[in-house]
Amino acid sequence: MAEANVVLNNPISNPDQTRPTREQDLIARVQSGQNELFYELVQPYERRVYAAALAILRNETDAEDVAQEAMLKAFANIRQFRAESRFSTWLIQITVNEALMRRRRERTVVMEGIDDRREEEGDYTPRDFADWREIPSEALERKEVRQKLAQALASLDRKYREVFVLRDMEQLNIQETAEALGISVASVKTRLLRARLMLRDLLAGGWEQGWFSRLPFEKGSKPW
Amino acid sequence: MVGHENRDPSNRESTNRESTNHESAHGEKMNPEMNQENIGCEKIWHEISNFLDGDVDAALRSAMDQHFRTCPRCASVLAGTKNVVRLYGDERMMEAPAGFSKRLEKRLARNARPARSRWLSMEAWLIPVAALALVVGGLHFANSWATQRARRDLMAQAAKNIPPDMVVLVAADSKIFHVAGCSFIHGKQVRSLTAKEALKEGYAPCTRCLRKYLQTAKAGPAGSIVQDDDAHADLEEENNPPGQAANLAAK
């Protein structure tokens with residue numbers, strides 16, 4: 001998908017703190033009634049919003065619908081946004097809330113809940129200890145690599161996937177992740193640890209299956 | 001990724017450790033001579049996520065750093081976990097279905113239309129337009145009502161001049177009463193009664209044969225008389241189809 005290859009500008013970083021960023025300017029203008037600028041304001045975050053919804057719903061159609069609903073809700077409540085928090089975080093929290101409500105409505109949580117309880121017992125022990133190297137980010141240029149990583153993520157149980165996506169993909173901090181999901185900080189840390197280690201093992205298994213076979217690694221060594 | 005804290009897990013660590021790559025692999029336990037803490041691999045695995053997030057105290061960080069330098073298994077776990085955090089944190093992992101952007105933009109355009117000033121909105125325009133319509137309609141109604149009333153008053157006064165005992169003729173299918181011999185009777189079947197009875201029964205005086213009794217003939221505007229005649233003609237026409245009326249007129 002061409003859309004995925006667009007590297008977003010960072011509308012938040014503001015070296016000159018005395019001047020509002022483009023994002024801050026857009027927020028102020030939308031809040032004052034220039035509604036036509038709202039899409040310009042949220043466009044840099046649209047894929048993050050979709051990814052957050054997908055992590056919770058695991059269904060592309062529902063995720064897109066919820067992403068749109070979340071954007072509309074953000075638009076309806078834009079005047080309540082305060083500059084103390086990041087706009088992106090606020091947007092993601094609205095999305096997570098919408099997605100959780102949708103899931104509750106559709107009662108899809110019951111089956112996963114059983115697995116969640118089982119998975120939480122005991123510490124997670126890594127399975128693969130091969131020699132390692134860093135996987136270059138260029139690997140992500142290949143669609144099949146991105147798809148394999150997405151499949152590995154989708155294979156995680158809901159509770160791990162949600163925390164991992166919000167923390168490591170959406171870049172919420174631990175506290176924000178806990179608030180968004182309505183769980184404790186300790187739970188976020190535990191689930192995040194397990195999610196990272198499980199994905200690490202899945203990627204190691206993927207290495208065996210040749211996911212990264214065309215990458216310039218030294219013969220006989222794994223990327224970790 | 002947009003505006004966030006360190007995406008690269010190596011940057012999340014607060015130490016400036018150059019690399020976890022090492023040569024002196026030795027088992028899972030720390031060397032007690034190099035670290036005051038006796039930290040094991042299981043402790044490392046338990047804390048590795050916090051370590052990557054910079055969420056461990058200085059003593060533990062130091063112990064873990066040392067452990068990574070001497071334990072290839074844990075160094076492997078650290079490197080692999082760093083790969084996970086770095087790769088999944090890359091913007092390119094945020095994929096959306098084809099056409100997602102356009103569909104979103106379309107829906108926002110549909111549901112989040114530009115806000116117009118309250119007084120420029122369609123609803124706001126409807127308010128003065130409706131008010132104007134009400135005023136104009138009210139004036140028209142009032143004017144019409146006053147005119148009709150004046151006309152009704154005039155006709156009523158006219159009817160008062162007709163001698164009440166005067167014998168008049170009415171046709172069964174007409175609403176006008178006449179004096180005998182009025183050409184507007186058109187040879188219809190008639191019955192006779194007094195003017196008072198005719199008025200009581202709702203008949204109106206013929207403006208042709210009873211004209212001399214009608215005040216409109218003397219004082220009313222010309223238009224009124226013409227109007228009365230027109231009204232008479234209308235009534236007559238109503239009672240006689242145009243063809244028949246023409247034949248009667250010819251006779």
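Being a predicted model, the structure only gives us computed values, none of them experimental.
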Rounded at 0.5 Å granularity, tell me how far [atom1] in [X] sits from [atom2] in [Y].
X     : Y      : atom1 : atom2 : value
B/D90 : A/E141 : CG    : CD    : 8.5 Å
B/R86 : A/D168 : CZ    : CG    : 12.5 Å
A/Q68 : B/F100 : CD    : CZ    : 6.5 Å
A/F75 : B/L108 : CZ    : CG    : 8.5 Å

If you count heavy-atom pairs under 4.5 Å between each of A/A51, A/P126, A/A76, A/A67 and chain B, which one has the most?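 Top option by heavy-atom pairs under 4.5 Å: A/P126.
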Determine whether a donor-acceptor pair (N or O, by modelled atom type, separation under 3.5 Å) exists between the side chain of [X] and the backbone of [Y].
X      : Y      : answer
B/R107 : A/M71  : no
B/Y88  : A/A150 : no
B/R92  : A/S137 : yes
A/R196 : B/S49  : yes

Does the side chain of [X] reach to within under 4.5 Å of the side chain of [Y], using non-hydrogen atoms?
X     : Y      : value
B/D53 : A/L192 : yes
B/I48 : A/L197 : yes
A/R47 : B/E95  : no

Residue A/V42 versus chain B: region with a heavy atom under 4.5 Å: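 Side chain only.
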Interchain contact, A/L153 with chain B, by part (heavy-atom threshold 4.5 Å):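 For A/L153, backbone and side chain are both near chain B.
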Between B/D55 and A/K189, does at least one N-O distance fall below 4.0 Å, as a salt bridge requires?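 Salt bridge: yes.
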Qualifying residue for side chain to side chain contact (heavy atoms under 4.5 Å, CB included) with B/M94, from A/R48, A/R146, A/E46: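 Checked A/R48, A/R146, A/E46 against B/M94; only one passes side chain to side chain contact (heavy atoms under 4.5 Å, CB included): A/R48.
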Looking only at non-hydrogen atoms, find the nearest pair between B/G89 and A/Q171 and report the distance.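 Reported closest heavy-atom pair: CA-NE2, 4.5 Å.
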Could you go step by step and tell me if B/L87 and A/L203 meet the side-chain contact (heavy atoms from CB on, under 4.5 Å) rule? CA-CA 11 Å; B/L87 292 176; A/L203 263 57; 4.2 Å; yes
A/F164 vs B/V84, test: side-chain contact (heavy atoms from CB on, under 4.5 Å). Steps then yes/no. CA-CA 10 Å; A/F164 180 81; B/V84 165; 3.7 Å; yes
Where do A/L149 and B/M93 land on the side-chain contact (heavy atoms from CB on, under 4.5 Å) test, with the steps shown first? CA-CA 8 Å; A/L149 293 179; B/M93 284 302 297; 3.5 Å; yes
Is there a side-chain contact (heavy atoms from CB on, under 4.5 Å) between B/L104 and A/Y39 once you walk through the steps? CA-CA 9 Å; B/L104 173 65; A/Y39 179 69; 4.1 Å; yes
